[in-house]
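Notes for the one structure printed next.
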Amino acid sequence: MNRKEIAEIRKLLCMQRNPIHTIYGCYVNSEKDLLSEFKHPALSLPEDELFKYLDIFRKALSGKKEKNLTQVDFPLSEESAGGTQHFLYQFCNGTGDIQEDALEELYGIIVENYTTVENYAILVALGAYDVPGKSTDGTIMDDASETTYCFIICCICPVKKTSNDLGYNEKEAIFENLVRLEKVAPPENAFLFPSFDDRASNCHSLLYYSRRDMHAEFVANGLNCQLPLWEPDQKQYFQAAVDTAFSSQYTVETSIELYQNICEKAEELEDPTISKNGLHHILEQCGATEDDLNAFDREFPDNVVLHSNSIIDTRKCTISAYGMTLKIDRDQLDLLETRNIDGQTYLCIPITNNFRVNNVEIKG
């Protein structure tokens, strides 16, 4: 799923366009005991309550692609009877009528494989979206639906005690400690199945959300999928690749050329990835020697795939030294210049009429 497709589904999760027809859930304590279960037809809920559910499900589709949101493919073994993909597909029949034992199995998979010291709620939304057609010029035609996208969103939300605040008791006309309640917090982890690729169902993958902790063990053992590299790991692989490919010299000019080449790669596709061969080509374009490229080929793993938006900020180039950090728009990088003064290399920026320090324009 690219950013536009994620946004298309996320924007549906509002009161005006709500595609969710049924909401299921359960409450689990830190000892992995299932304390309660519920089922709500969405249209039967009071508006303010439905709004809160939609807000939670919307958060499960928020954040940065490849950092908070990761598309995960199912291995072929999970697409046959008894596999996780085959199991999840029964939740996408478009009716909301799910066998009770299927729900119990879903809750059981999460409880068994999800590790946390907190109480949490499992919230499950089932929905159906009549995908509008598109004209040849790209115009959305709401009255010309070509397909129906049936989906499940499953959220794992911590349940926390509200604060012990002082409040007003209107009946007794006094201020007193408020009763502490169990409050559902935003989701820590969630998944959307199936993926919404090319504005249609892709039952071979799901979109996985993590607020902070990836809970890779849950993905591996519960969903039986393999997560791609997390963003910090991708950055480490990228740094190691650059260190290897430019073992003797890596100048400011080379670093900016490498940055620009990766940005151009990012513009080619909506969500570009960089394979080992692709990275080899980019490093070669930036002047890496044959010996260094051979070392890169030996040391860089064949199966590692990097995402351009995970290894750099494609909007601004960041330069840091001596406690200073400069963030420079990509189209302004040609203003930078290096000069050698008395044997020391300096990075120079021209002082123009728009040059400011602490928001005050420099004059003279």
Side-chain angles (χ1 to χ4, degrees), residues 1-6 8-10 24 57 60-61 63 65-94 98-99 101-115 122-129 131 147-156 187-211 213-231 233-234 269-273 275 301-307 310:
M1 294 177 69
N2 60 38
R3 291 189 297 271
K4 290 182 180 179
E5 290 162 342
I6 294 171
E8 182 171 352
I9 302 303
R10 184 175 62 246
Y24 296 89
F57 294 125
L61 299 177
K65 185 79 191 296
E66 306 305 330
K67 180 179 181 181
N68 306 102
L69 294 165
T70 306
Q71 187 160 340
V72 182
D73 294 330
F74 288 101
L76 287 176
S77 59
E78 295 302 317
E79 298 195 5
S80 55
T84 304
Q85 184 264 10
H86 187 267
F87 166 70
L88 290 175
Y89 203 72
Q90 67 185 301
F91 291 90
C92 304
N93 57 25
I98 304 300
Q99 295 294 324
D101 58 350
L103 272 172
E104 295 295 336
E105 185 174 350
L106 176 61
Y107 297 154
I109 289 171
I110 296 172
V111 170
E112 180 180 353
N113 296 286
Y114 191 83
T115 303
I122 301 172
L123 302 180
V124 177
L126 305 183
Y129 169 41
V131 183
T147 183
T148 299
Y149 170 61
C150 298
F151 61 89
I152 171 176
I153 303 176
C154 180
C155 297
I156 302 173
E188 282 293 327
N189 299 93
F191 65 84
L192 166 72
F193 174 81
S195 296
F196 184 64
D197 289 336
D198 296 325
R199 306 189 70 244
S201 298
N202 174 7
C203 63
H204 305 294
S205 68
L206 58 80
L207 186 69
Y208 183 72
Y209 168 82
S210 56
R211 187 180 179 204
D213 188 344
M214 294 288 283
H215 281 272
E217 76 289 344
F218 167 65
V219 180
N221 302 322
L223 299 176
N224 293 309
C225 297
Q226 186 65 45
L227 277 171
L229 282 174
W230 200 21
E231 185 174 279
D233 297 323
Q234 292 193 46
L269 299 170
E270 183 66 29
D271 285 303
T273 56
S275 65
D302 292 335
N303 61 344
V304 168
V305 176
L306 305 179
H307 194 284
S310 294

Inter-residue atom distance Phe87.CZ - Asn224.CG, 0.5 Å rounding:
11.5 Å
What one should report as the nearest heavy-atom pair of Ile6 and Lys65 is CD1-CD, 3.7 Å
Roughly how far apart are Cys92 SG and Leu126 CG, rounded to 0.5 Å?
7.5 Å
My understanding is that only residues two or more places apart in sequence, or in another chain, count here; which of them pass side-chain contact (heavy atoms from CB on, under 4.5 Å) with Glu112?
none
Pairwise side-chain contact, His215 with Ile156, heavy-atom cut-off 4.5 Å (strictly under)
no
Determine the interplanar angle of the Phe196 and Tyr129 rings, folded into 0 to 90°, and report it as parallel if under 30°, tilted if 30 to 60°, perpendicular if over 60°.
tilted
Heavy-atom distance under 4.5 Å between the side chains of Pro194 and Asn202, does that happen here?
no
Shortest non-hydrogen contact from Gly63 to Leu69?
O-CD1, 4.0 Å
Less than 4.5 Å apart, any side-chain heavy atom of Glu188 and any of Tyr114?
yes
Minimum heavy-atom separation for Val124 and Cys154, please, with both atom names.
CG2-SG, 4.0 Å
Side chains of Leu223 and Val72: does their closest heavy-atom pair fall under 4.5 Å?
no
Determine yes or no for a side-chain-to-main-chain donor-acceptor pair under 3.5 angstrom, with Gln234 supplying the side chain and His307 the backbone.
yes
Flag if over 12 foreign heavy atoms under 6.0 Å of CD, Glu104
yes
If I take atom CG from residue Leu207 and atom CD1 from residue Ile9, how far apart are they, to the nearest 0.5 angstrom?
10.0 Å
How far does CG of Leu88 sit from CD of Glu79, to the nearest 0.5 angstrom?
11.5 Å
Identify the two heavy atoms, one from Tyr89 and one from Cys203, that lie closest to each other, and give their separation to 0.1 Å.
CE1-CB, 3.6 Å
Is there a donor-acceptor pair under 3.5 Å between the side chain of Asp198 and the backbone N or O of Ala200?
no
Just to verify, what does Phe191 make a ring-ring contact (aromatic ring centres under 6.0 Å, His included) with, not counting sequence neighbours?
none
Quick one, Leu106 and Ile152 - any side-chain contact, counting heavy atoms below 4.5 Å?
yes
Heavy-atom check, side chain of Asp197 versus side chain of Ser205, under 4.5 Å:
yes
From Asn68 CG over to Ser210 OG, what is the distance, rounded to the nearest 0.5 angstrom?
6.0 Å
Taking the side chain as everything from C-beta on, heavy atoms only, tell me whether Phe218 gets closer than 4.5 Å to Asn189.
no
Closest non-hydrogen atom pair, Leu206 against Phe74:
CD2-CZ, 3.4 Å
Point-to-point distance, once rounded to the nearest 0.5 Å, from CZ of Phe193 to CD1 of Ile153:
13.5 Å
Under a 4.5 Å cut-off applied to non-hydrogen side-chain atoms, are Asp73 and His204 in contact?
no
Work out which heavy atom in Ser201 is nearest to a heavy atom in Tyr149; give both atom names and the distance.
OG-CD1, 3.1 Å
